[in-house]
**Student:** 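To start, I am sharing the structure in question, which I have written as structure tokens.
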Amino acid sequence: MNCQDYMKIALKQAEKAFIKDEVPVGAVIVDPISGEVVAKAGNCGEHGKEAFAHAEIEVMRKACKKLNTNRLYGMELYVTLEPCTMCAAAISMMRIAKVYFGAKDEKGGAIVSGVRFYEQATCHHRPQVEGGILEKDCSKILKDFFKAKRCRKSE
């Protein structure tokens, strides 16, 4: 499998979040050595969970539980939207080796936008980062979601 294949799996998680009326962001943790998808998750912070239940946080929790570990050394994260500051910090703490993201988040992103967390002197672990994977698809699902929200509010 390649980067696009893994991002398609993350997009499926975003679609599931969309159906549940959650902000449609999906994430996948991959073991780059075996190619195994260790865990997958979507946003679930709007309905019944904590506000910080972002896809990245949820997928890292699931991966740690599955692997019985408190860090994810060497793992790769695929996420449909550029992580926010909270998630960027958590990714650093978990020692994720590489982050692949789909769409940039000019307002809330913290990797190539906003605070650029990994460029700060206080950041202890800096994963490799590659953005723009299936960017149009990742952006479209978010735009469709928020467009539908605005339409419902105007009715």
Side-chain angles (χ1 to χ4, degrees), residues 1-45 52-120 123-148:
M1 290 182 52
N2 62 34
C3 293
Q4 291 186 352
D5 294 326
Y6 292 121
M7 191 61 76
K8 286 176 184 174
I9 296 169
L11 270 165
K12 288 282 186 202
Q13 295 301 305
E15 289 168 8
K16 288 179 181 181
F18 189 117
I19 291 165
K20 295 176 185 174
D21 196 36
E22 294 284 348
V23 176
V25 176
V28 176
I29 296 283
V30 174
D31 179 339
I33 295 170
S34 68
E36 175 192 2
V37 173
V38 176
K40 48 192 175 181
N43 270 1
C44 54
F52 54 82
H54 291 192
E56 300 94 313
I57 301 296
E58 293 301 298
V59 79
M60 289 187 289
R61 282 180 176 160
K62 287 180 177 182
C64 284
K65 185 174 183 178
K66 181 176 180 179
L67 299 173
N68 194 31
T69 186
N70 69 340
R71 297 279 193 278
L72 295 170
Y73 296 105
M75 297 292 139
E76 295 179 344
L77 170 68
Y78 291 80
V79 61
T80 58
L81 182 65
E82 176 185 357
C84 68
T85 305
M86 173 186 71
C87 292
I91 291 162
S92 177
M93 293 293 291
M94 296 302 279
R95 302 305 193 256
I96 298 284
K98 190 161 185 177
V99 176
Y100 296 90
F101 70 87
K104 284 184 186 177
D105 185 353
E106 299 293 338
K107 289 183 181 177
I111 294 181
V112 298
S113 306
V115 300
R116 297 180 183 220
F117 185 81
Y118 301 136
E119 295 177 17
Q120 304 306 312
C123 180
H124 298 293
H125 170 75
R126 294 166 179 83
Q128 294 178 359
V129 174
E130 185 176 333
I133 312 296
L134 298 180
E135 184 172 12
K136 287 181 183 177
D137 296 331
C138 293
S139 181
K140 184 180 183 324
I141 192 170
L142 287 158
K143 287 177 182 174
D144 290 350
F145 177 80
F146 287 111
K147 182 179 179 182

**Student:** Counting only heavy atoms from other residues, nucleotides and ligands, does the tally under 6.0 Å from CE of Met93 exceed 12?
**Tutor:**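 Open: at most 12 neighbouring heavy atoms sit under 6.0 Å from CE of Met93.
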**Student:** Side chain to side chain contact (heavy atoms under 4.5 Å, CB included) with Pro83: which of Asp105, Ile91, Val129, Ile57?
**Tutor:**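 Filter result, single survivor: Ile91.
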**Student:** To the nearest 0.5 angstrom, please state how far the CD atom of Glu130 sits from the SG atom of Cys3.
**Tutor:**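 Rounded to the nearest 0.5 Å, the CD-SG separation comes to 5.5 Å.
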**Student:** Using 30° and 60° as the class limits, which term best fits the ring planes of Tyr6 and Tyr78: parallel, tilted or perpendicular?
**Tutor:**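 Plane angle between 30° and 60°, so tilted.
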**Student:** Would you say Glu56's side chain and Met86's backbone share a donor-acceptor pair under 3.5 angstrom?
**Tutor:**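 No: the side chain of Glu56 does not pair with the backbone of Met86.
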**Student:** In Å and rounded to the nearest 0.5 Å, what is the CE to CD1 distance from Met94 to Ile29?
**Tutor:**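 Separation between the atoms: 7.5 Å.
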**Student:** Thr80 side chain to Cys138 main-chain N or O, any donor-acceptor pair under 3.5 Å?
**Tutor:**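 No, the answer is negative, given that no donor and acceptor are paired below the 3.5 Å cut-off.
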**Student:** List the atom of Ala90, the atom of Met60, and the distance in Å for their closest heavy-atom pair.
**Tutor:**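 Heavy atoms only, the tightest pair is CB-CE, 3.7 Å.
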**Student:** Taking Lys98's backbone N and O only, do any of them form a donor-acceptor pair with Gln128's side chain (distance below 3.5 Å, no angle check)?
**Tutor:**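 No, because the side chain of Gln128 does not come within donor-acceptor range (under 3.5 Å) of the backbone of Lys98.
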**Student:** Quick one: pull up CE in Met7 and CG in Asn2 and give me the separation to the nearest 0.5 Å.
**Tutor:**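 It is 11.0 Å, given to the nearest 0.5 Å.
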**Student:** When rounded to the nearest 0.5 angstrom, what is the spacing between CE in Met75 and CD in Glu36?
**Tutor:**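 Here the interatomic distance stands at 8.0 Å.
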**Student:** Can you give me the closest heavy-atom contact between Pro24 and Ala17, atom names plus distance?
**Tutor:**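 Smallest heavy-atom distance, with atoms named: CA-CB, 4.0 Å.
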**Student:** Counting N and O atoms only, with roles assigned by atom type, does the side chain of Glu82 sit under 3.5 Å from a partner on the main chain of Val112, one being a donor and the other an acceptor?
**Tutor:**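 Confirmed, Glu82 side chain pairs with Val112 backbone.
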**Student:** Is the side chain of Arg126 donor-acceptor paired with the backbone N or O of Gln120 at a distance under 3.5 Å, no angle test?
**Tutor:**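 A pair under 3.5 Å: yes.
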**Student:** Of all heavy-atom pairs between Glu58 and Cys44, which one has the smallest distance, and what is that distance?
**Tutor:**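 That closest heavy-atom pairing would be CG-SG, 3.6 Å.
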**Student:** Which heavy atom of Tyr118 sits nearest to which heavy atom of Ala88, and what is that distance?
**Tutor:**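 Scanning both residues, the minimum pair turns out to be OH-O, 3.0 Å.
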**Student:** Could you tell me whether the side chain of Asp21 reaches within less than 4.5 Å of the side chain of Phe145, counting heavy atoms only?
**Tutor:**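 They are in contact (side-chain heavy atoms under 4.5 Å apart), so the answer is yes.
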**Student:** Distance-only, no hydrogens or angles: does the Asn43 side chain make a donor-acceptor pair with backbone N or O of Val23 under 3.5 Å?
**Tutor:**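 Checked: pair present.
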**Student:** Working to the nearest 0.5 angstrom, can you tell me the gap between His125 NE2 and Ile96 CD1?
**Tutor:**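 Result: 7.5 Å between the selected atoms.
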**Student:** Nearest 0.5 angstrom please: Leu72 CG to Asp31 CG, how far?
**Tutor:**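 If I round to the nearest 0.5 Å, the distance is 10.5 Å.
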**Student:** Under a 4.5 Å cut-off applied to non-hydrogen side-chain atoms, are Met1 and Ile9 in contact?
**Tutor:**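 Yes, side chains in contact.
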**Student:** Taking everything shown except Lys140 itself, do over 12 heavy atoms lie less than 6.0 Å from its NZ?
**Tutor:**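 Check fails, neighbour count at 12 or below.
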**Student:** Among Val25, Leu134, Val28, which residue satisfies the side chain to side chain contact (heavy atoms under 4.5 Å, CB included) criterion with Leu11?
**Tutor:**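 For Leu11, the side chain to side chain contact (heavy atoms under 4.5 Å, CB included) test succeeds with only one of Val25, Leu134, Val28, which is Leu134.
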**Student:** Does the His54 side chain pair with the main chain of Gly45, one donor and one acceptor, at a distance under 3.5 Å?
**Tutor:**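 Such a contact is absent between His54 side chain and Gly45 backbone.
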